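One-based numbering, in listed order, for ligands and for the atoms of each. Residue numbers run from 1 in the order of the sequence given. The structure presented is a predicted model; accordingly, all values stated were derived computationally and were not measured.
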Amino acid sequence: MNKNIFELINRLNQSHSLSLEEYEDLISGYSKEAAEYAASLAVEQRKKVYGTDIYIRGLIEVSNICKNDCYYCGIRRSNKKCDRYRLTKEDILLSAAEGYTLGFRTFVMQGGEDAKFTDDFLVDVIKTLKTIYPDCAITLSLGERSKESYKALKNAGADRYLLRHETADKEHYERLHPSDMSFDTRMECLKNLKELGFQVGCGFMVGSPYQTVKTLAKDLKFIETFRPAMCGIGPYLTHKDTPFKDMPSGSLELTLYLLSIIRLIDPTLLLPATTALGTIHPKGREMGILAGANVVMPNLSPITVRKKYLLYDNKACIGDEAAESVNKLSESMKSIGYEVTVNRGDRKSN
Ligand code: SAM
């Protein structure tokens, strides 16, 4: 093993911080041995905070209608082949009811930036869910909104908000998005969410087009300094009906290595083994847990719409990714020494 990498990993494990240049060295020094070493320390750190508990979230994909045109995303507004849908309040409540029975105590409402999801509509859904399920956490992942809007959603009872920063490099951001989307707005939204008291999640795609060691190092530094409660990373996966259709997908190995590094940056992070990871490899979620992740988000959307929320080709949403298979998930986690728990799964401090 390259001695420097070994030392860098050890130092990150102790101080939870490196310089930008050191993060670059850490990424470009990837090797199987370095990844295994980082994973062993990441698992140790995670166990100190969370033991062997795995938190589950029921993912309800509320709409695939989106005003944005992100070049990488299958539900971008210009994709005319996307079969659009929007869940009603009743649909969302039915999904939550099913999820509650299955043992979910966090519901994640994720979707495109759909203008029909007004503050009034969302406040009503959140308040209703909170009245029926006071023991559950509500996570939103509905993109960029005004600070006033975020405030209304928070006051209605939403607990967490996931908004991936996508990349911490402005120029890179501009290559992934059309000019009507702005890096500064994205960052402003994240800051606003934090100020309002949400448990905030950021994140990025590993291997997104034009990503470099330098942009990835900035992502790591951003996570270190922004201190999110959650961080969603998964491989970029190609979608055939997007402008990036010829760009290769990201790698499983680098995603796992970065999961371990991010765990070392913050041992208390809620770190999901994402659907994209479960899509790129049938055992991707288990591998993610063994690299330092501690959250899994099975799909709780109505079966009829699951195949329509296609961010990338071949998205896993049935079988092991489905919330109905939570027993199978529990078994699979047990087989690698972990236990799926029935609770809100809030972030712990160490
Ligand atoms: N509209 C909300 C937002 O922008 O945060 C939530 C939905 S958005 C589709 C959720 C995430 O999916 C994005 O933040 C992006 O990182 C991820 N995503 C989109 N296209 C992807 C692709 N081709 N491969 C992997 N992840 C993708």
Side-chain angles (χ1 to χ4, degrees), residues 57 59-79 82 84-87 108-117 122 139-145 149-150 153 160-168 172-173 176-178 180-183 185-187 189-190 192-193 198 200-211 215 219 228 230-252 254-255 258 272-281 284 297 299 301 305 308-317:
R57 322 299 196 196
L59 180 62
I60 308 174
E61 294 154 337
V62 291
S63 170
N64 67 357
I65 297 168
C66 191
K67 75 171 172 57
N68 291 330
D69 224 7
C70 308
Y71 298 140
Y72 46 83
C73 185
I75 65 168
R76 65 197 300 269
R77 73 160 183 264
S78 295
N79 181 9
C82 177
R84 307 285 170 176
Y85 74 89
R86 174 187 300 123
L87 297 189
V108 182
M109 288 172 28
Q110 186 181 85
E113 292 195 19
D114 181 342
K116 285 279 161 62
F117 283 150
L122 291 171
T139 305
L140 302 175
S141 180
L142 299 166
E144 297 172 4
R145 304 176 75 92
S149 170
Y150 287 148
L153 305 180
R160 311 183 184 127
Y161 205 104
L162 299 174
L163 184 72
R164 288 185 172 185
H165 63 286
E166 310 297 0
T167 169
H172 184 212
Y173 189 92
L176 297 176
H177 303 95
D180 60 348
M181 291 182 73
S182 128
F183 176 76
T185 306
R186 198 79 177 174
M187 289 296 166
C189 284
L190 282 165
N192 288 342
L193 287 164
F198 279 99
V200 183
C202 65
F204 60 91
M205 295 174 289
V206 178
S208 64
Y210 312 112
Q211 187 174 69
T215 65
D219 288 321
M230 309 170 277
C231 182
I233 72 159
Y236 159 71
L237 297 172
T238 311
H239 188 294
K240 61 181 178 4
D241 301 314
T242 65
F244 286 164
K245 64 182 183 340
D246 297 322
M247 302 288 195
S249 292
S251 96
L252 169 71
L254 185 58
T255 306
L258 288 167
T274 55
T275 307
L277 200 55
T279 300
I280 202 171
H281 191 287
M297 298 166 67
N299 197 311
S301 308
V305 304
K308 298 182 184 173
Y309 195 83
L310 284 186
L311 309 180
Y312 39 79
D313 296 335
N314 308 315
K315 196 187 95 175
C317 59

_Sole residue of K315, K308, R86 in salt bridge (charged side-chain N to carboxylate O under 4.0 Å, His left out) with E61_ = K315

_Nearest neighbour of atom 23 (N) of ligand 1 from the list L310, L237, L176, L140, on a heavy-atom basis_ = L237

*For H165 and Y173, test the side chains for any donor-to-acceptor distance below 3.5 angstrom and give the result as yes or no.*
no

*Answer yes if the ring centres of Y236 and Y72 are under 6.0 angstrom apart, and no otherwise.*
no

*Which of the atoms of ligand 1 are close to R164, meaning less than 4.0 Å from one of its heavy atoms?*
14 (O), 15 (C), 16 (O), 17 (C)

*Just let me know how A276 lines up against ligand 1, side chain, backbone, both or neither, with a heavy-atom cut-off below 4.0 Å.*
neither

*Closer than 4.0 angstrom: is that true for some heavy atom of G234 and an atom of ligand 1?*
no

*atom 9 (C) of ligand 1 - nearest protein heavy atom and its distance*: L311 CD2, 3.4 Å

_So for R186, does at least one of its heavy atoms come nearer than 4.0 angstrom to any atom of ligand 1?_
yes

*Starting from atom 14 (O) of ligand 1, find the nearest protein heavy-atom neighbour and note its residue, name and distance.*
E166 OE2, 2.5 Å

*Taking the side chain as every heavy atom from C-beta outward, state whether I233 and L258 have any atom pair closer than 4.5 Å.*
yes

*asked:* Looking at every heavy atom in both P248 and T238, which two are closest together, and how far apart are they?
replied: C-OG1, 3.8 Å

*Is the backbone N or O of T185 less than 3.5 Å from a side-chain atom of S182, with the two atoms forming a donor-acceptor pair by type?*
yes

*To which protein heavy atom is atom 6 (C) of ligand 1 closest, and what is the distance rounded to 0.1 Å?*
G111 O, 3.3 Å

_At less than 4.0 angstrom from any non-hydrogen atom of P235, what atoms of ligand 1 do you find?_
25 (C)

*Quick one: does E166's side chain get under 4.5 Å of C70's, heavy atoms only?*
no

*With backbone taken as N, CA, C and O and side chain as the heavy atoms from C-beta onward, which portion of C66 lies under 4.0 Å from ligand 1: side chain, backbone, both, or neither?*
neither

_Heavy-atom side-chain proximity of L142 to Y161 below 4.5 angstrom_ = yes

*Where on E144 is there a heavy atom closer than 4.0 Å to ligand 1, on the side chain, on the backbone, on both, or on neither?*
neither

*Could you list the atoms of ligand 1 found under 4.0 angstrom from a heavy atom of Y309?*
7 (C), 9 (C)

_Out of the candidates L311, D313, I75, only one should pair with H239 under the side chain to side chain contact (heavy atoms under 4.5 Å, CB included) rule; please name it._
D313

_Test of proximity, T238 against ligand 1: N or O pairs below 3.5 Å_ = no

*asked:* Less than 3.5 Å apart, any donor N or O on the side chain of T167 or T215 sitting next to an acceptor on the other?
replied: no

*Using a strict 4.0 Å cut-off to heavy atoms of L163, name the atoms of ligand 1 that fall inside it.*
5 (O)

*Check R77 against D69 and note the closest heavy-atom contact, atom names and distance.*
N-OD1, 3.3 Å

*Above 12 or not: heavy atoms from other molecules or residues under 6.0 Å from CG of N314?*
no

*Where on M109 is there a heavy atom closer than 4.0 Å to ligand 1, on the side chain, on the backbone, on both, or on neither?*
neither

*Applying a 4.0 Å heavy-atom criterion (strictly less than), which segment of M205 is in contact with ligand 1: side chain, backbone, both, or neither?*
side chain

*Answer with yes or no whether G74 contacts ligand 1, where contact means a heavy atom under 4.0 Å from a ligand atom.*
no

*Between Y72 and ligand 1, is there a nitrogen or oxygen pair with a distance under 3.5 Å?*
yes

*asked:* One residue to check: Y71. Relative to ligand 1, which of side chain, backbone, both or neither has a non-hydrogen atom less than 4.0 Å away?
replied: neither

